[in-house]
Amino acid sequence: MSELDAIRVRFPDGAEEAFPKSTPAGSALQRWNAEASKSALAASWDGVPVDLAFPLPSDGDLAPLTFEDRAGRDILEHSSAHLVAKGLVESIPGALPTHGPPTEEGFFYDFDVRPLTPSDLDSVRAAMDRSVRAREPFVRRELSRLDAEILFANNPYKLRYIAEAPPDEPVSVYDTGTFTDLCRGPHVPNTGWLEGVHVLGFSAITQEDSGAAPLQRIRGVGFPTRAQLDQYLKMRTEAEARDHRIFGTKLDLFSFEDAAPGFPFWHPRGMVVIHELEKFVREHLDEAGYEEIRTPLLFAQSVYETSGHWEHYRENMFLTVVEGRTFGWKPMNCPGSMLIFRSRARSYRELPMRLAEFAPLHRNEASGTLHGLTRVREFIQDDAHIFLAEDQVEAEVRTLLAWIARAFATFRLEWNVELSTRPAHFLGEKETWDRAEAILEHVLKSTQTKYRLAPGEGAFYGPKIDIHIRDSLGRSWQTGTIQVDYQIPIRFDLEYQGPDGQLHRPVVVHRTILGSWERFLGVLLEHVAGRLPPWLAPIQVRVLPVTDRHSGASIGLVEELRAARVRSELAGADESIAKRVRTAEVDRVPWVVVLGDKEVAEGSVSLRVRGARETRSYSRAEFISYATDRVRRREFDP
RNA sequence: GCCGCCAUAGCUCAGUCGGUAGAGCGGCUGAUUUGUAAUCAGCAGGUCGGGAGUUCGAUUCUCUCUGGCGGCUCCA
């Protein structure tokens, strides 16, 4: 090979090799390290993802991209989206593909097409299978803009993408069999690599800011192998079995009625859990100098006009007319807190003033968004409003973030933080927003909190730090929130007198820790598959007499436990021990205690801990102190 | 709210090519008195989500309303 035609390629391990110019990336990787390149879906050329068929043009760095890399995963999912599009266009001629990106957990492709039906999906799946078996190559072509516009003349969506593409780059398309899609690439070499692709479902997508008909979205997931897909589907099935709505019924915690959609009915056992969560949060309140208040559930319209809800939130409010006057059920606690602050003159000595309120809130959520306990129309937040001088805000936010970390660790929940900044439509001055955002960002950075920036996602009155947790199917739900608000004090004309004798405007921090009891418990139930930590369990101990001879002693033990504030109950001897143990396990009771001849004689108990196969022997006093101790310390495991 | 799907006993589900229904679990009663994940038997329980239409006849077909599920949007 002549010096002119040779290029030097550097690989991830530092090795360097010479290749003829235009050697395909895949071939170069093979020669470098066949083993490491076996699972390569594509390659990275100087950090840019390229096809394995990409002809290497010059000296540079080359690395394999596999499913384990985020970029590689995106490529497989993106190729999967193409495969779905190919399947749909084959099944429904005239369907117009719009776009089909990879997502955090799979991919989707949106189509301009008549509403889909389940049998359409069957056809799509069949067409996809055929293509995978045929191992149809993804072939890249680069076209002039004009040729591309001719090729996609009947697809306005693609024409728009062509128009929006950078003008100095050629437009690329990929052919897969008879299907051609506008695409920047790269892709896997052929559809044979997509054996682990699965279509999950379809739905209509409202096209924002246009009155156009909804698009049809097909969602799916993609894995490199059929086995990995099967494993994923198995995980999904198991996750579905952990749905909190199932435990509402099985554990007799809560229910819903058709006549009150989105309004939970809390059963006695559910109330026990809610009360324990309240106690948990109230301990925090006492430690940190909060005071609790109670304000009306209904306010006249004028209050909401002052707070801004009438303008910004009326759609979501329940209204009621009394003697010709319109009242609204409060969707948030802020108005009541503001009115209490304003009820008399305030001094700087009272700040920070922390007013907590656990009141039922009503929000008229759109019917299609309701979802078990995680999206309801009536709920209680562990809410508080903190009135501060501006120089007190940062320390307060810092304290709140530390609390949130502690609280969520108690439940062994993983949580994600988002910093939501100024939205397009905002109240107030840009400068105060910048200050507020700077404070939040500084706290997050200085505490080394990992967070995602959500530009423009802030509330209309201020930026916020949001805490998100995921349910068993990976859906993310917002729970805790810390919002810095410069606007509501202006709206309610709040003032305090400072040490300088002048009147000053306070800043308000709206915040929740767990969010709402409803949503938090919903997600928690899924996390623990109904096995609540003992301190939250509605029944903590079930006492099983071996025979009726042991009932007296068992009743005595239940009474002793109750006197020690351990929630316990008796399971009579009508059924076999094995059956009663099984039932207790199904009922998620943390501790099962069996009393027979031996135990009655010794004054001991035979303890079976939830989930364990073996039993332990304790004296009654030992067991009671063991149980009360673990409950008091809020241990996660029984 | 939008698109699609679904709705049979308290729960999970079967069934009726149109002739008003069945199982398991749960509940109740009785027998059993059991040593750590299901003892046995009997009984009760359903205007087959509501309304309208087609039909001699509708739980079954059609329309509509309500609710639920999966997404979209929105949010604690």
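Quick caveat, the model's predicted, so the values are computed rather than measured. Just so it is clear: chains get the letters A, B, ... in the order the sequence lines come, proteins before strands, and each one is counted from 1.
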- Side chain of A/E599, base of B/G35: donor and acceptor closer than 3.5 Å?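 Checked by distance alone, the answer is yes.
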- Message: Wobble G-U and Watson-Crick pairs count when both distances are under 3.5 Å; given that, what is the 5' to 3' dot-bracket string of RNA chain B, with | for pairing to other strands?
- Response: (((((((..((((.....[..)))).(((((.......))))).....(((((..]....))))))))))))....
- Of all the choices, B/A76, B/C72, B/U36, which nucleotide is nearest to the side chain of A/Q381 once you look at every atom?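 Nucleotide nearest to A/Q381's side chain: B/A76.
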- Minimum-distance nucleotide (side-chain atoms of A/E585 versus B/C74, B/A37, B/G35):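 Closest of the options to the side chain of A/E585: B/A37.
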- Message: Using a 4.0 Å cut-off on heavy atoms, which residues in residues 509-530 of chain A reach RNA chain B? List them by number, or say none.
- Response: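 Going residue by residue through residues 509-530 of chain A, the ones with a heavy atom under 4.0 Å of RNA chain B turn out to be A/G515, A/S516, A/R519.
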- Message: Using a heavy-atom cut-off of 4.0 Å across all strands, would you classify A/E378 as base, sugar-phosphate, or nothing?
- Response: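 The residue A/E378 makes no contact with any strand.
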- Query: Quantified in whole Å, what is the C1' atom distance between nucleotide B/C17 and nucleotide B/U64?
  - Reply: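 Per the computed distance, 26 Å lies between those C1' atoms.
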- Taking the nucleotide of RNA chain B with the closest heavy atom to each, which residue, A/T481 or A/A573, is nearer the 5' end?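 The residue whose closest nucleotide sits nearer the 5' end is A/A573.
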- Task: Please figure out whether A/L116 or A/K464 has its closest RNA chain B nucleotide nearer the 5' end.
- Result: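 Result of the comparison: A/L116.
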Check whether any side-chain N or O of [X] sits under 4.0 Å from OP1 or OP2 of [N], and answer yes or no.
| X | N | result |
| --- | --- | --- |
| A/R608 | B/A37 | yes |
| A/R613 | B/A37 | yes |
| A/K579 | B/G26 | yes |

Show me the protein contacts with nucleotides 63-70 of chain B, counting only N or O atoms at under 3.5 Å.
from: B/G67; atom 1: O2'; to: A/D258; atom 2: OD1; distance (Å): 2.7
from: B/C69; atom 1: OP1; to: A/R245; atom 2: NH1; distance (Å): 2.7
from: B/G70; atom 1: OP1; to: A/R245; atom 2: NH2; distance (Å): 2.9
from: B/G70; atom 1: OP1; to: A/R475; atom 2: NH1; distance (Å): 3.3
from: B/G70; atom 1: OP2; to: A/R245; atom 2: NH1; distance (Å): 3.4
from: B/G70; atom 1: OP2; to: A/H371; atom 2: ND1; distance (Å): 3.1
from: B/G70; atom 1: O2'; to: A/R219; atom 2: NH2; distance (Å): 3.3

- Pi-cation contact, A/F108 with A/R217 (under 6.0 Å, within 45°):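 The answer is yes, since A/R217 meets both limits relative to A/F108.
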- Is the Lys NZ or Arg CZ of A/R422 less than 6.0 Å from the centre of A/F426's six-membered ring, within 45° of the axis?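 Yes - A/R422 lies over the ring of A/F426, closer than 6.0 Å to its centre and within 45° of its axis.
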